[in-house]
Trainee: 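Structure below; questions to follow.
We're numbering straight along the sequence, starting at 1. These figures come from a predicted structure and were not determined experimentally.
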Amino acid sequence: MTEHFKHLHFIGIKGVGMSALAIVAQGMGYSITGSDVDEEFITDSSLKDAGITPMVGFAAEHIGPNVDLVVLGTAFGSDNPEVNSAKLRGITTWTYSELLGWISKQKKTIAVAGTHGKTTTTAILSFLLAKAGLDPSWVIGTGHVAGLPAHGHAGEGAFFVTEADDYKRAADDPAPKFLDLHPYSAIVTSIEHDHPDLYPTLEDCIEAFRKFIAKVNTTGFIVVNGDDANITTLRQEFPHKRYLSFGFHDDVDYNIHPLERKDNQNTWFFISTKEKQYGPFILPLP
């Protein structure tokens with residue numbers, strides 16, 4: 001995106017990723033409109049708090065005269081009337097991941113990938129960086145995060161934390177979303193066979209993560225789950241990258257020692273390195 005874009009219209013703005021991205025773009029100074037179906041979403045309150053009121057349904061007239069960039073949600077393709085209107089008028093159309101990728105170029109982006117745990121990890125990391133006074137930007141794929149003002153935020157700090165989704169870019173485009181990102185650093189929580197409509201085999205899934213890891217900046221680092229065999233295999237293919245590993249066995253940089261649970265609401269644990277033990281930590285998640 002260049003400076004001549006001023007008004008962004010989001011098709012499918014109530015989606016967890018789209019709404020967060022719209023809030024970030026608004027915080028960056030862009031005018032925002034959007035449309036979606038007329039039903040309750042978990043993102044409604046965040047959009048309302050940001051002063052963004054989605055238009056109901058999808059119609060060509062929703063693409064106002066000042067719109068100069070249309071952002072397309074994953075579920076929408078060429079059969080959408082707003083998509084067709086944008087094309088007929090020659091308005092630039094990007095997918096969600098293309099806009100996310102452009103923003104990722106502007107910051108030191110920490111991209112959180114994995115079959116499981118992306119949203120939770122992204123939320124915790126965003127919370128920690130915010131509490132550390134670093135004012136990060138973030139895009140979190142949920143409607144509400146305890147301790148944060150919204151699931152999307154445009155901060156003044158250097159870091160941008162975002163989920164790195166391995167699912168397809170758009171209804172008409174099977175390219176994995178996370179390959180549009182430009183990660184300074186990354187976290188990979190797990191790699192298992194997922195999205196069989198996009199990845200027929202586990203190896204197809206691993207290949208997507210292989211391409212993602214290859215994109216991580218060599219000046220940054222990759223935090224990996226040292227207990228995951230598929231991640232360990234990929235790590236060996238990129239020995240020039242910088243890694244930090246975590247897990248429950250000894251051959252990791254950060255070893256997790258679970259404690260007997262004191263209740264059903266919190267998780268208790270220590271973390272140790274070769275030099276020091278940290279904790280105990282009490283995480284308010286079961």
Trainee: Test side chain to side chain contact (heavy atoms under 4.5 Å, CB included) on Thr273 and Asp253 and set out the steps.
Mentor: CA-CA 6 Å; Thr273 66; Asp253 298 307; over 6 Å; no

Trainee: Taking Arg210 first and then Glu203, would you say they form a salt bridge - that is, a charged N and a carboxylate O separated by under 4.0 Å?
Mentor: yes

Trainee: Give a yes-or-no answer on whether the side chains of Thr95 and Glu98 include a donor-acceptor pair shorter than 3.5 Å.
Mentor: yes

Trainee: Under 3.5 Å, is there a donor-acceptor pair between the Thr189 and Asn225 side chains?
Mentor: no

Trainee: Please tell me if the side chains of Asp68 and Thr92 come closer than 4.5 Å, counting only heavy atoms from C-beta onward.
Mentor: no

Trainee: Looking at every heavy atom in both Gly155 and Ser137, which two are closest together, and how far apart are they?
Mentor: N-OG, 2.8 Å

Trainee: What pair of heavy atoms forms the shortest contact from Val16 to Gly143, and how long is it?
Mentor: CG1-N, 4.3 Å

Trainee: Are more than 12 heavy atoms, taken from residues, nucleotides or ligands other than Asp38, located less than 6.0 Å from that residue's CG atom?
Mentor: no

Trainee: Establish whether Ile124 and Val145 are linked, either directly or via other cluster members, by ILVMFWY side-chain heavy-atom contacts under 4.5 Å.
Mentor: yes

Trainee: Run Met28 and Ile103 through side chain to side chain contact (heavy atoms under 4.5 Å, CB included) and show every step you take.
Mentor: CA-CA 10 Å; Met28 294 172 65; Ile103 294 174; 3.9 Å; yes

Trainee: If you compare all heavy atoms of Ala111 against all heavy atoms of Ala164, which two are closest, and at what distance to 0.1 Å?
Mentor: CB-CB, 3.9 Å

Trainee: State, to 0.1 Å, how close Trp138 and Ala150 come at their nearest heavy-atom pair, and which atoms those are.
Mentor: NE1-O, 2.9 Å

Trainee: Let me confirm one number: the CG-CG distance from Leu8 to Asn66, rounded to the nearest 0.5 Å.
Mentor: 12.5 Å

Trainee: Start with the C-alpha gap between Leu234 and Ile206, add the side-chain angles, then the distance that decides, and say whether side chain to side chain contact (heavy atoms under 4.5 Å, CB included) holds.
Mentor: CA-CA 8 Å; Leu234 282 184; Ile206 291 174; 3.8 Å; yes

Trainee: What distance separates Ile63 CD1 from His9 NE2, expressed to the nearest 0.5 Å?
Mentor: 4.0 Å

Trainee: Verify, without hydrogens or angle tests, whether Ser85 (side chain) and Glu82 (backbone) share a donor-acceptor contact under 3.5 angstrom.
Mentor: no

Trainee: Taking Phe221's backbone N and O only, do any of them form a donor-acceptor pair with Ser185's side chain (distance below 3.5 Å, no angle check)?
Mentor: yes

Trainee: Would you say Lys108's side chain and Gly157's backbone share a donor-acceptor pair under 3.5 angstrom?
Mentor: no

Trainee: Are Ile13 and Leu100 grouped together when hydrophobic residues (ILVMFWY) are joined by side-chain heavy atoms under 4.5 angstrom apart?
Mentor: yes

Trainee: Heavy-atom count around Gln265 CD within 6.0 Å, excluding the residue itself: above 12?
Mentor: no

Trainee: Considering residues at least two apart in sequence or located in another chain, which fulfil the side chain to side chain donor-acceptor pair (under 3.5 Å) criterion with Asp36?
Mentor: none

Trainee: Whether the side chain of Glu163 engages the backbone of Gly141 through a donor-acceptor N/O pair (distance < 3.5 Å, no angle test) should be reported.
Mentor: yes

Trainee: Is Val223 reachable from Ile191 through a run of I, L, V, M, F, W or Y residues, each pair having side-chain heavy atoms under 4.5 Å apart?
Mentor: no

Trainee: Return the OG1 to NZ distance between Thr162 and Lys107, rounded to the nearest 0.5 Å.
Mentor: 13.0 Å

Trainee: Would you say Thr122's side chain and Ile140's backbone share a donor-acceptor pair under 3.5 angstrom?
Mentor: no

Trainee: Would you say the side chain of Ile52 lies within less than 4.5 Å of the side chain of Gln26, judging by non-hydrogen atoms?
Mentor: yes

Trainee: Side chains of His153 and Asp135: is there a donor and an acceptor less than 3.5 Å apart?
Mentor: yes

Trainee: To the nearest 0.5 Å, what is the distance between CG (Leu148) and OG (Ser46)?
Mentor: 10.5 Å

Trainee: Distance check, rounded to the nearest 0.5 Å: Thr120 atom OG1 versus Leu125 atom CG?
Mentor: 12.5 Å

Trainee: Please verify the inter-ring angle class for Tyr30 with Trp102; under 30° counts as parallel, over 60° as perpendicular, anything in between as tilted.
Mentor: perpendicular

Trainee: Might you confirm whether atom CD of Glu40 has over 12 heavy atoms from other residues, nucleotides or ligands at distances under 6.0 Å?
Mentor: no

Trainee: Closest heavy-atom contact between Thr232 and Gly226?
Mentor: OG1-O, 3.9 Å

Trainee: Tell me, do Lys215 and Pro183 make a side-chain contact under 4.5 Å, heavy atoms counted?
Mentor: yes

Trainee: Under 6.0 Å from the CZ atom of Phe270, do we count more than 12 heavy atoms belonging to anything else shown?
Mentor: yes

Trainee: Is there a donor-acceptor pair under 3.5 Å between the side chain of Ser19 and the backbone N or O of Thr43?
Mentor: no

Trainee: Show the numbers, then the answer: is there a ring-ring contact (aromatic ring centres under 6.0 Å, His included) between Phe76 and Phe58?
Mentor: CA-CA 11 Å; Phe76 303 96; Phe58 304 101; 5.0 Å; yes

Trainee: Do Phe238 and Tyr243 have ring centroids that are under 6.0 Å from one another?
Mentor: no

Trainee: Is any side-chain heavy atom of Tyr199 closer than 4.5 Å to one of Asp194?
Mentor: no

Trainee: Ignoring hydrogens and geometry, is there a side-chain-to-backbone donor-acceptor pair from Lys48 to Asp44 under 3.5 Å?
Mentor: no

Trainee: Does Asp227 have any side chain to side chain donor-acceptor pair (under 3.5 Å) partners at least two apart in sequence or in another chain, and if so, which?
Mentor: His249

Trainee: Identify whether Met18 and Met55 are in the same connected component of the hydrophobic contact network (ILVMFWY, side-chain heavy atoms under 4.5 Å).
Mentor: no

Trainee: Is atom CD of Glu156 surrounded by more than 12 heavy atoms (other residues, nucleotides or ligands) closer than 6.0 Å?
Mentor: no

Trainee: Is there a side chain to side chain contact (heavy atoms under 4.5 Å, CB included) between Phe160 and Val139? Walk through the geometry before answering.
Mentor: CA-CA 8 Å; Phe160 175 42; Val139 167; 3.9 Å; yes

Trainee: Taking the side chain as C-beta and beyond, is there a heavy-atom pair between Leu72 and Tyr96 under 4.5 Å?
Mentor: no

Trainee: How far apart are the closest heavy atoms of Phe212 and Ala113, and which atoms are they?
Mentor: CE2-CB, 3.7 Å

Trainee: How long is the straight-line distance from NE2 of His151 back to CD1 of Ile42, given to the nearest 0.5 Å?
Mentor: 7.5 Å

Trainee: Is the gap between the ring centers of His257 and Phe269 under 6.0 Å?
Mentor: no

Trainee: Should the ring pair Tyr184 and Phe159 be called parallel, tilted or perpendicular, given that the plane angle runs from 0 to 90° and is split at 30 and 60?
Mentor: tilted

Trainee: With side-chain hydrogen bond (donor to acceptor under 3.5 Å, both in side chains) as the criterion, how do Thr201 and Asp204 come out once you've worked through the C-alpha distance, each side chain's angles and the decisive distance to 0.1 Å?
Mentor: CA-CA 5 Å; Thr201 68; Asp204 293 321; 2.9 Å; yes

Trainee: Is the shortest side-chain N to carboxylate O distance from Arg169 to Asp180 below 4.0 Å?
Mentor: yes

Trainee: Looking at Phe209 versus Phe178, is the centre-to-centre ring distance below 6.0 Å?
Mentor: yes

Trainee: Starting from Val70, can I reach Val56 by hopping between I/L/V/M/F/W/Y residues whose side chains sit under 4.5 Å apart?
Mentor: no

Trainee: Quick one: do His62 and Thr33 satisfy side-chain hydrogen bond (donor to acceptor under 3.5 Å, both in side chains)? Show the steps, please.
Mentor: CA-CA 9 Å; His62 288 169; Thr33 55; over 6 Å; no

Trainee: Mark yes or no for whether Thr109, through its side chain, and Ser104, through its backbone, hold a donor-acceptor pair below 3.5 Å.
Mentor: yes

Trainee: Between Asp165 and Lys177 (side chain of the first, backbone of the second, donor and acceptor by atom type, cut-off under 3.5 Å), is there such a pair?
Mentor: no

Trainee: So does Leu47 get a backbone contact from the side chain of Lys14, meaning a donor-acceptor N/O pair under 3.5 Å?
Mentor: no

